[in-house]
Amino acid sequence: MVNAGGSVHNGSMSYFTEILADSGDGFRALDVDVGDANDLDDLADMMRAASGDDGEAVAVIEHEDEWFGLVRLCENNEIKVFLSDLAAVEASPFAPIFSDFLDSRPDAYEAEPEEDFGIDEDETDDESDDDEVEMLEFDPDAEWGGDADIYADRGVAAAVLIDQVEAHRSDPARVVAHVGEAVGFADQLEAAR
């Protein structure tokens, strides 16, 4: 069952959802039930209707110890989505909302080491291949998707968000709190918990 601005219980799985609107004077929690959305367009329409024409809104969905999703309704009506773990989202009751993102890949944010870090190809050839391959392999069950630059204009660069996700995979609330502190909705989100 899904409750507006609160917990969602699905068997032993516990979810937290909240939608907050920014009218310019700060964020406020909205009485909107994320579970009523059939897809992303529905969720965006609900966010627009509840927040009015002014300002922005953000929907936060968290699954304790596993994943989080952020949906940002920008002032220009653009929708941006970031999902911390595509496989976990796909297995969740929220999969229909994010169906367009479940096949997305984070290619746009994968840096070329020799360009960004000044590593020569000759240097990488001399290093131990076993260690390097081990570090570069990724777990497909923990692959993020969507727009890592969702809040780049509000102080959370894409690289920072990705680093936070990688460092705190088992604590999605910590990453969301980090974003909330930068953007300005951390206090309201914590009060809604």
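Fair warning: this is a prediction, and the values are worked out from it, not measured in the lab.
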For this session: Let me see the working for M47 and L73 under side-chain contact (heavy atoms from CB on, under 4.5 Å), right down to the final yes or no.
Result: CA-CA 7 Å; M47 293 168 73; L73 173 63; 3.9 Å; yes

Problem set entry | side-chain contact (heavy atoms from CB on, under 4.5 Å) evaluation trace for D36 with M46 | CA-CA 9 Å; D36 287 342; M46 290 163 50; 4.3 Å; yes

Exercise. Could you walk me through whether V156 and D149 pass the side-chain contact (heavy atoms from CB on, under 4.5 Å) check?
Worked result: CA-CA 7 Å; V156 185; D149 64 350; over 6 Å; no

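Taking hydrophobic clusters as Ile, Leu, Val, Met, Phe, Trp and Tyr residues chained together by side-chain heavy-atom distances below 4.5 Å, I79 shares a cluster with V32. Note on L40 and L30: same hydrophobic cluster, where clusters join Ile, Leu, Val, Met, Phe, Trp and Tyr whose side-chain heavy atoms are under 4.5 Å apart, directly or indirectly.
N76 meets the side chain to side chain donor-acceptor pair (under 3.5 Å) test with no other residue; sequence neighbours excluded. Residues forming a side chain to side chain donor-acceptor pair (under 3.5 Å) with N77 (at least two apart in sequence, or on another chain): R48. With sequence neighbours left out, D39 forms a side chain to side chain contact (heavy atoms under 4.5 Å, CB included) with D41, D42.
Put simply, the side chain of F82 does not reach to within 4.5 Å of the side chain of V71, judged on heavy atoms. Side-chain contact check for S92 versus F98: every heavy-atom pair is 4.5 Å or farther apart. The shortest side-chain heavy-atom distance between V183 and V58 does not fall under the 4.5 Å cut-off. In this structure, T17 and V60 have side chains that are not in contact, with every pair of non-hydrogen atoms separated by 4.5 Å or more. At least one side-chain heavy atom of V179 sits under 4.5 Å from a side-chain heavy atom of L70.
For the residue pair A95 and V89, the shortest heavy atom distance occurs at CB-O, 3.5 Å. Counting all heavy atoms, side chain and backbone alike, A173 lies closest to R193 at CB-NH2, 4.0 Å. Across all their heavy atoms, G184 and Q188 have their closest contact at O-OE1, 3.5 Å. Taking every heavy atom of both residues into account, A88 and E66 meet most closely at CB-OE2, 3.2 Å. When all heavy atoms of A186 and A177 are compared, the pair lying nearest together is CB-O, 4.2 Å.
A salt bridge does not link D153 to K80: none of the charged side-chain nitrogens sits closer than 4.0 Å to a carboxylate oxygen. Checked for salt-bridge contact, D22 and R28 miss the test: no charged N lies under 4.0 Å from a carboxylate O.
Interatomic distance, CG of L43 versus CD1 of I61, reported as 6.5 Å (0.5 Å rounding). Once rounded to the nearest 0.5 Å, the distance linking CD1 of I162 with OG of S84 reads 12.0 Å. Of the inter-residue distances, the one linking W67 atom CH2 with F94 atom CZ reads 6.0 Å to the nearest 0.5 angstrom. To the nearest 0.5 angstrom, F16 atom CZ is 13.5 Å from F68 atom CZ. Rounding to the nearest 0.5 Å gives a distance of 6.5 Å between CG of L189 and CD of E62. Here L20 contributes atom CG and D187 contributes atom CG; the two are 11.0 Å apart, rounded to the nearest 0.5 Å.
The aromatic rings of F185 and F27 sit perpendicular, their planes meeting at an angle over 60°, well past the 30° parallel limit.
A 6.0 Å sphere centred on CZ of R154 holds more than 12 heavy atoms belonging to other residues, nucleotides or ligands.
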